[in-house]
Amino acid sequence: MDGKGDIIATWMKKHRLIYTGATRHPFILNIRDGSIDISSFKRWLAQDYIFVRAFVPFVASILVKAWKETDDSSDIDLILGGMAALNDEIEWFKKEASKWGVALNSVVPHKANVDYCRFLESLMNPDVEYTLAITAFWAIETVYQESFAHCLEDGSRTPEELKETCQRWGNEGFGQYCCSLKNITNRCLEKASDDVLSKAEVILIRILEHEVEFWNMSRGAI
Ligand SMILES: Cc1ncc(CN)c(N)n1
């Protein structure tokens, strides 16, 4: 370590407000208190299926960057495991959609979703450093982990039929996975130039903003 320390912890303090906005959004709070409107949940489900399909090539692009830019093979193993989990996730979305009567093949992507997927695509460019892409990856996964874990904490009144959804991202294993992503990201950030560091910080903020917009869209607020 060159003395930069836990950069993510510093960012978390600095950007606490927007981070809380993304991880304690009214959409999540309404799941947690049992007042969620099921039409919002179905909108989220359909739109997130589209997002996850776009997320797969994004994660694949990180795998390529890791292979080119790091000699730590455990990074590749972790990212590959993440891709395998996305394969299961896509099957889960199909099953869940049919349970709720949501027709996934006729879903029109909402503007907030299109904008977010475009942002992911911009990060897939080979010119974008591994450090920047892994920062985005860690942030995207962690927002879902922290959000859905909150719906499973003691005192939550999450409806029984939504618990499986919350478990998918709120379970301990996914929490461990996010922690490993955080460790990799911190390691990359510690070695990064000031220019890359400030770009990574901007990317984190953009991700958090996109996540807030995604929840807003799911509530039908935009
Ligand atoms: C919008 C969004 N953000 C994050 C995740 C977690 N992979 C997701 N499925 N969708």
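Model, not experiment: these values are computed from the prediction. Counting convention: from 1, in listed order, for ligands and their atoms alike.
- Checked by atom type, the side-chain pair N30/D37 shows no donor-acceptor distance below 3.5 Å.
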Step-by-step ring-ring contact (aromatic ring centres under 6.0 Å, His included) determination, Y177 to F174: CA-CA 5 Å; Y177 168 65; F174 197 73; 5.5 Å; yes

Dump the intermediate steps for side chain to side chain contact (heavy atoms under 4.5 Å, CB included) on T142 and Y19, then the final yes or no. CA-CA 10 Å; T142 301; Y19 186 72; 3.4 Å; yes

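- By the 30° and 60° cut-offs, the orientation of the rings of Y144 relative to W215 is parallel.
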Report all N/O contacts between ligand 1 and the protein shorter than 3.5 Å as a table of atom names and distances to 0.1 Å; if there are none, say 'none'.
| from | atom 1 | to | atom 2 | distance (Å) |
| --- | --- | --- | --- | --- |
| ligand 1 | 3 (N) | E211 | OE1 | 3.3 |
| ligand 1 | 3 (N) | E211 | OE2 | 2.7 |
| ligand 1 | 7 (N) | E141 | OE1 | 2.7 |
| ligand 1 | 9 (N) | D48 | OD2 | 2.9 |
| ligand 1 | 10 (N) | D48 | OD1 | 2.6 |
| ligand 1 | 10 (N) | D48 | OD2 | 3.4 |
| ligand 1 | 10 (N) | Y144 | OH | 3.1 |

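- Between R32 and H150, some side-chain heavy-atom pair lies under the 4.5 Å cut-off.
- When the shell of 6.0 Å around CZ of R118 is examined, it contains 12 or fewer heavy atoms from other residues, nucleotides or ligands.
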